[in-house]
Protein chains: 2
Amino acid sequence: MKTTTDYLALLKNLGLKATPKRLALLAVLEEEHRYLSPEEVWRKIRRRFKSLGLPTVYRNMEELERHGVISKVLHSNRQLYYYFCPKAGHHHHFVCMECRMVEDLPVCAVREMEKDIKRRIKGTVTSHVLQVNGFCGGCAGKQ
Amino acid sequence: MKTTTDYLALLKNLGLKATPKRLALLAVLEEEHRYLSPEEVWRKIRRRFKSLGLPTVYRNMEELERHGVISKVLHSNRQLYYYFCPKAGHHHHFVCMECRMVEDLPVCAVREMEKDIKRRIKGTVTSHVLQVNGFCGGCAGKQ
DNA sequence: CTGCGTGCAAAGTATTTGCAAACCG
DNA sequence: CGGTTTGCAAATACTTTGCACGCAG
């Protein structure tokens with residue numbers, strides 16, 4: 001749990017203005033500790049303001065993703081979902097398909113594969129996508 | 001390169017009717033050896049028939065993907081792209097961001113991570129997504 | 001024949017864009 | 001004050017759906 005001051009500093013470091021809407025967006029995403037779509041975020045915070053447009057939420061989430069504050073979650077319906085990403089540095093995520101909880105996975109096995117891959121493709125690797133799906137402890141029990 | 005007979009058998013095994021349109025779709029996807037969107041496939045084969053609807057291509061590609069004959073490629077624009085997947089069994093892909101070539105990666109690092117992951121999340125892992133992006137031998141040289 | 005496959009037209013809907021007004025620093 | 005940020009409305013465009021007809025097995 002972060003304080004408003006933390007978010008202020010976070011945004012300032014990125015050269016982004018700390019508007020009330022950005023702060024609310026960040027707070028909701030972090031509190032939930034689950035991935036949310038722009039519309040879901042919008043539903044959760046819109047009433048706190050006299051007006052809040054859905055495009056604003058889309059734009060802010062996209063911006064924050066570019067800066068690595070939040071990260072996209074892959075979903076089979078190919079819609080946009082984001083997760084507040086507390087961990088810095090390279091890592092990946094486990095995503096619970098039931099409750100949407102996301103957990104950081106500090107290990108990255110792809111790094112270890114890269115030498116093999118480079119030899120095989122005789123090219124360069126610039127990025128990779130990795131996400132592990134399943135059921136978290138709580139949800140696996142209920143199955 | 002497969003023959004029409006190969007595709008006939010392939011479709012039969014899946015319980016799908018071997019229509020001329022399905023055969024053309026499969027042949028194009030395999031020949032290209034690159035990922036293509038439904039619309040791109042449609043453009044390439046529509047003139048061979050007196051009529052061919054884009055929805056038909058969407059439906060067939062979705063169906064073939066379900067049966068594991070072709071596989072989805074992740075793209076930053078979140079549109080649908082498919083790749084004809086010659087390799088059977090569990091594997092992942094290297095995708096060239098320049099020429100769209102896809103190459104099978106027989107190694108799966110995630111399998112090795114799973115024990116670690118399961119301990120960490122105390123849940124169950126049901127699936128994972130892994131894709132390596134970069135530039136293939138030919139395209140890396142041109143950069 | 002008989003049920004899967006397809007064409008066509010139409011809907012759906014998440015996401016994006018443009019521009020003027022509001023606001024943070 | 002000056003450049004961001006936002007609201008609103010509208011557009012975009014990919015993808016999906018419904019239904020009647022046609023064709024593969």
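Lettering of chains follows the sequences in order, A, B, ..., and the numbering in each one begins at 1. Values reported hereafter were calculated over all heavy atoms of this structure, with side chains retained and with hydrogens, waters and symmetry mates removed. Note that the structure is predicted; figures quoted are calculated from it, not measured.
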For [X] and [N], what is the distance between atoms [atom1] and [atom2] respectively, to the nearest whole Å?
X     : N      : atom1 : atom2 : value
A:K21 : C:dC23 : NZ    : P     : 8 Å
A:E40 : C:dT15 : CD    : P     : 10 Å
A:R78 : C:dA14 : CZ    : P     : 13 Å
A:W42 : D:dT6  : CH2   : P     : 15 Å
B:R59 : D:dT16 : CZ    : C1'   : 9 Å
B:L52 : C:dT6  : CG    : P     : 8 Å
B:N77 : D:dC14 : CG    : P     : 9 Å
B:L23 : C:dG5  : CG    : C1'   : 13 Å

Original post:
Under 4.0 Å: is that the gap between some side-chain N or O of A:T19 and OP1 or OP2 of C:dC24?
Top reply: no
Original post:
Is B:T56 near enough to C:dG7 that one of its side-chain N or O atoms lies under 4.0 angstrom from OP1 or OP2?
Top reply: yes
Subject >> Toward the 5' end of DNA chain C, by each residue's nearest nucleotide, B:P55 or B:P20 >> reply: B:P20
Original post:
So, B:E62 and B:R66, do they make that salt bridge, N to O below 4.0 Å?
Top reply: yes
**OP:** Look at A:E40 together with A:R100 and state whether they make a salt bridge at an N to O cut-off of under 4.0 Å.
**Re:** yes
Among [options], find the nucleotide with the atom closest to the side chain of [X].
X     : options                : answer
A:E39 : D:dT5, C:dG25, C:dA14  : C:dA14
B:Q79 : C:dT15, D:dT5, D:dT15  : D:dT15
B:L80 : C:dT16, C:dC24, D:dT15 : D:dT15

**OP:** Assess whether salt bridge (charged side-chain N to carboxylate O under 4.0 Å, His left out) is satisfied between A:K44 and A:E32, documenting all intermediate values.
**Re:** CA-CA 11 Å; A:K44 283 177 183 293; A:E32 291 277 332; 3.1 Å; yes
Original post:
5'-most contact on DNA chain D: B:Y58 or B:K50, nearest heavy atom basis?
Top reply: B:Y58
Original post:
So, B:H128 versus B:H90: side-chain donor-acceptor pair below 3.5 Å or not?
Top reply: yes
**OP:** Answer yes if the ring centres of B:Y83 and B:H93 are under 6.0 angstrom apart, and no otherwise.
**Re:** yes
